[in-house]
Participant: 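Sharing a structure below in structure tokens format, with a few things to ask.
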Number of protein chains: 4
Amino acid sequence: MPTILGQNQYGKAENRVVKITRDGATHHIKDLNVSVALSGDMDEVHYSGSNANVLPTDTTKNTVYAFAKEYGIESAEQFGIHLARHFVTSQEPIHRARIRIEEYAWERIESSDANSKFIGADEVKHSFVRKGQETRLTQITYDGEKWEVISGLKDLVVMNSTNSEFWGYVKDKYTTLQEAYDRILATQVSGRWRFNWTDDEQKMPNWEKSYEQTKKHMLQAFAETYSLSLQQTLYQMGARIINNRSEIDEVRFSLPNKHHFLVDLEPFGLKNDNEVYFAADRPYGLIEATILRDGCEAKIPMDLTNL
Amino acid sequence: MPTILGQNQYGKAENRVVKITRDGATHHIKDLNVSVALSGDMDEVHYSGSNANVLPTDTTKNTVYAFAKEYGIESAEQFGIHLARHFVTSQEPIHRARIRIEEYAWERIESSDANSKFIGADEVKHSFVRKGQETRLTQITYDGEKWEVISGLKDLVVMNSTNSEFWGYVKDKYTTLQEAYDRILATQVSGRWRFNWTDDEQKMPNWEKSYEQTKKHMLQAFAETYSLSLQQTLYQMGARIINNRSEIDEVRFSLPNKHHFLVDLEPFGLKNDNEVYFAADRPYGLIEATILRDGCEAKIPMDLTNL
Amino acid sequence: MPTILGQNQYGKAENRVVKITRDGATHHIKDLNVSVALSGDMDEVHYSGSNANVLPTDTTKNTVYAFAKEYGIESAEQFGIHLARHFVTSQEPIHRARIRIEEYAWERIESSDANSKFIGADEVKHSFVRKGQETRLTQITYDGEKWEVISGLKDLVVMNSTNSEFWGYVKDKYTTLQEAYDRILATQVSGRWRFNWTDDEQKMPNWEKSYEQTKKHMLQAFAETYSLSLQQTLYQMGARIINNRSEIDEVRFSLPNKHHFLVDLEPFGLKNDNEVYFAADRPYGLIEATILRDGCEAKIPMDLTNL
Amino acid sequence: MPTILGQNQYGKAENRVVKITRDGATHHIKDLNVSVALSGDMDEVHYSGSNANVLPTDTTKNTVYAFAKEYGIESAEQFGIHLARHFVTSQEPIHRARIRIEEYAWERIESSDANSKFIGADEVKHSFVRKGQETRLTQITYDGEKWEVISGLKDLVVMNSTNSEFWGYVKDKYTTLQEAYDRILATQVSGRWRFNWTDDEQKMPNWEKSYEQTKKHMLQAFAETYSLSLQQTLYQMGARIINNRSEIDEVRFSLPNKHHFLVDLEPFGLKNDNEVYFAADRPYGLIEATILRDGCEAKIPMDLTNL
């Protein structure tokens, strides 16, 4: 046979699981999209179609729902760890499991004063509105010995309406861009960060607190950096995370420069004093980089942040 | 000629305008997507291609940006009113203008304590994160005499994790559904409400406050209704708005029933006590209705809420 | 009660049904997305939550699948007619049914010569690739007496790379557009056409042939019209349909002007002789109109083509 | 500084360029979406914001449009090679260029007989309809010495309505799936293939013919494989390409198993003899694998096919 099989994986993708936890009349919600990818002794299913080593993708789906009951969903990361461990340790042919999870945040709907008296304040703690801002992400990989946890987020849109410049760049024969000394800087953050927790012997991070703090530091670095380039802002966002969160060794961002072009109002006898902008769709600058804790090795794939 | 021209309109759609207002170091942002549709004496451009009555769509785009400077953007509704009035009153062949606007909300990024001391708290009031929840909508129509203002929202996802039942329905030979006495009720709200302001002589509503209050009443009605059907919840949402907001005479909702199916865990020896749900995509129930102030005429088109 | 219920409808939306018909080893495929909307005596379910008149949306879903077996899917229109008739005639509280259908076209994968010898040409007539061009649409409405059938399509992208001009338009103080004497004209067609078949006593059109011919005439009119405005092209597309298809009385189009801007290459010492274009996303001109057979009444809603 | 910069790249993404070539009255069209990513001596722009080594992303955009004029667009691959070579050889700080291109196919609109006589058949060769099936892809990477060309496609939806089974798999405590001996097999192909052309000294492949033949072999292998698992079909698709196209050494597929579930019609007294299916959205099986020419090294990143 002149062809051979290379890297391969399979599983059920995008299992939408919602877990409601009832604490008396107060309900809590976890809303996840879970994708399972398994690898191992899978040559025969590719070469001959024998499924003798294949746990069906349908079974991996069932496992997601069963584990939501058996273990609850403390955090996306912890849930993914339960799943990855199960597949690798319970199935001899499976040597590696990768669990990807998207999490959607919800917040409570506040009750009206008039009605809360009638219904009783305690009784309306089961109503939620989807927050709708960023999507939280995690990817758990386990090979039976070591863990790799890469968390992050996507679709977080941020803007500084000033404190951004762009000048002093290379000019070649195709350069027509005018230098800018006060521009809008806006981007839609896609970011991933890798934890240095890799072993069951280590103390596990507090995944919920880590996410909340990492997002906060990232946003503050974006807001507080006086920017001469989006690359500089990106680097500050990553460095701020690594300097403040000891559990994280590596950060990668993919930041589209969502251009806001100052509209030329002079033909209409008007002066546009950094007031009116056209928000463009395509094309957009795309700035991507990894920031590492000094001495650490880069492991987040270049293409992961684009997913 | 055996064919004739019927209703027609034209204009530039989806003009993305961002307006920054500087109040010292504190910036304010309005982020709109504006679509213009004009009607009038337009037979010839269809029959012969003569553009003698046609104000170019490119000009309608320019007008959007120029007006953002000339009038500012106090609210989406007020901005649409300026535009609609302009097209109808300045161009003889144009008899009717319809302005549709989407608005995206932003909130401020809070500064870190450490850095705010260094930078000065006042200097970081130009950083924003897109709220990302619902999209606010308005549609302004003007024919030179009367105004019609229909505002609303889309993509607001809400859920009650209990206090919803569904039983006592018709059963025919194709009915297999089991009755439910405690189910999740979730929907993605698409709603529109029509104002009774139609004339320049009337006092204009406070558009910003009206939107905020209407959304609040709608959410509270959703949360506080013990639901025997999504139709009942929908009606309560509309009635609550009309009973609380005297400026609104008509409400229409298009509410997909975003099914959350209780997963059968019995094959795995587990009991699912209203805890673990599968969030389905398609198909979905779709419940649509108009709620009117008694004595008022319905004018919101059936298909508008689907847009 | 100061509020009352207006127009309302409900049903299961987006039922994805695929029907395989086996003609020996040759398979045929119909791939539909069917949405049901029912109206009638539905006050109580809104006012009190009583479901006594409500056939569950789940049942309407079941009916779609059962009818695919019972009646087959001869055409989207015929299938919708079976469904609409059933709901109105079998359920006393239901007075009106509207069935919306999207249809996705497939074409056969041709077998390789070498393999067809081995497998036998007849045995590989079950392989398909989705055509992926336009989505075919129909909407069937039945009130127990009269039928309304509105068919159409969406997402058909067409372009003329010449034979389009735009000049002689109105110029106001916000006009900056340069006149064009040779431009690209491109649009993404959303069209609907209404049949004059309204009664079971009339001879029913051949729905499959009608669609194929209507699309052909529309495309040819687009290609063959020397265009002075997109409005003129739109009118020709509609008139060509009405003049050639006696079963159709009304056509409505929503045509975004997908701008292709000639790129200014002069800064690089290059002449752009109508060769290199930037295909823009937003904003876009949006041209919408109805074309009627003379003497007929317009019934296609303005907002339908936007859906 | 406790943090350091890792892999980074930047450029303008999604430049939509349309090139019209006029061969007398017959026009030809190339429609591309081009993304540029450049790497090199870029530490300072990240650390200090100095743009001294930064060719603006705006310039990379201009270069795309200028090159469409200067070189034409013979094929997406050839166009990407011109661009990558230019950036690496003309800018000292740039050491590596990666060009990603999406290509949209168009086909001609046939003229009507009646009109072609009037207009003249030759004069209506400028009208096109977008084919709308798959999107063709390529990625060109150049470091000044070696080339890497990975082409492919996405969004090609295929289906076999029989000749697919799935049984003999592992059963654990979470397995409920029934074995299937005649099922629909459908997928939406995302595929990439790597060429063994890496050096300017080698004879360059015929990119257009290679794409057409590769797609044909892939489709035929899908159609002609009697499938015991989607993994087996995937492997056959890759092996068929490598065995027939000597210019390709590696193929990677990401194939979602687009489940078509046989609808249970027994509650309605109907037998579903592999006729009526529910086409599900989520979750879906996801099967991914690399197929290599024996002796070759795998280089297509695991995550690339998901993009």
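Sequence lines set the chain letters: A, B, ... in the order given, protein chains first and strands last, and positions in each chain run from 1. The figures that follow rest on heavy atoms only: side chains count, while hydrogens, waters and symmetry mates do not.
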Participant: Do L156(C) and V129(D) have side-chain heavy atoms sitting under 4.5 Å apart?
Facilitator: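 SC-SC contact between L156(C) and V129(D) confirmed.
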
Participant: Do any of residues 67-76 of chain D have a heavy atom less than 4.5 Å from a heavy atom of chain C, and if so, which, in residue order?
Facilitator: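 Only A68(D), K69(D), E70(D) of residues 67-76 of chain D have a heavy atom under 4.5 Å from chain C.
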
Participant: Return the set of residues passing side chain to side chain contact (heavy atoms under 4.5 Å, CB included) with S164(C) (not counting sequence neighbours), or none when no residue passes.
Facilitator: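 Scan of S164(C) (side chain to side chain contact (heavy atoms under 4.5 Å, CB included), adjacent residues dropped) gives R183(C), L185(C), S227(C).
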
Participant: Is the shortest side-chain N to carboxylate O distance from D273(D) to K19(C) below 4.0 Å?
Facilitator: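 No, this pair does not count.
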
Participant: K61(C): which residues meet the salt bridge (Lys or Arg N to Asp or Glu O under 4.0 Å) condition with it, sequence neighbours left out?
Facilitator: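 Expected list: D58(C).
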
Participant: Can you list the residues that meet the side chain to side chain contact (heavy atoms under 4.5 Å, CB included) rule with T135(C), with sequence neighbours excluded?
Facilitator: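 Here the qualifying residues are E102(C), Y104(C), L137(C), K154(C).
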
Participant: Less than 4.5 Å to any heavy atom of chain C: does that hold for the side chain of T162(D), its backbone, both, or neither?
Facilitator: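 Its backbone and side chain both get close to chain C.
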
Participant: Using non-hydrogen atoms and a 4.5 Å limit, figure out which bit of F128(C) sits close to chain D: side chain, backbone, both or neither.
Facilitator: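 Both parts, backbone and side chain.
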
Participant: Under a 4.5 Å heavy-atom cutoff, which of L270(D), D31(D), V18(D) has the most pairs with chain C?
Facilitator: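 The option with the most such pairs is V18(D).
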
Participant: Against V276(D), only a single residue in V17(C), V64(C), I20(C) fulfils side-chain contact (heavy atoms from CB on, under 4.5 Å); can you say which?
Facilitator: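 Answer to the side-chain contact (heavy atoms from CB on, under 4.5 Å) test with V276(D) among V17(C), V64(C), I20(C): V17(C).
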
Participant: Side chain, backbone, both or neither: which part of D155(C) has a heavy atom under 4.5 Å from chain D?
Facilitator: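 Interface part for D155(C): neither.
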
Participant: What part of V263(D) gets closer than 4.5 Å to chain C, counting heavy atoms only: side chain, backbone, both or neither?
Facilitator: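 Interface part for V263(D): side chain.
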
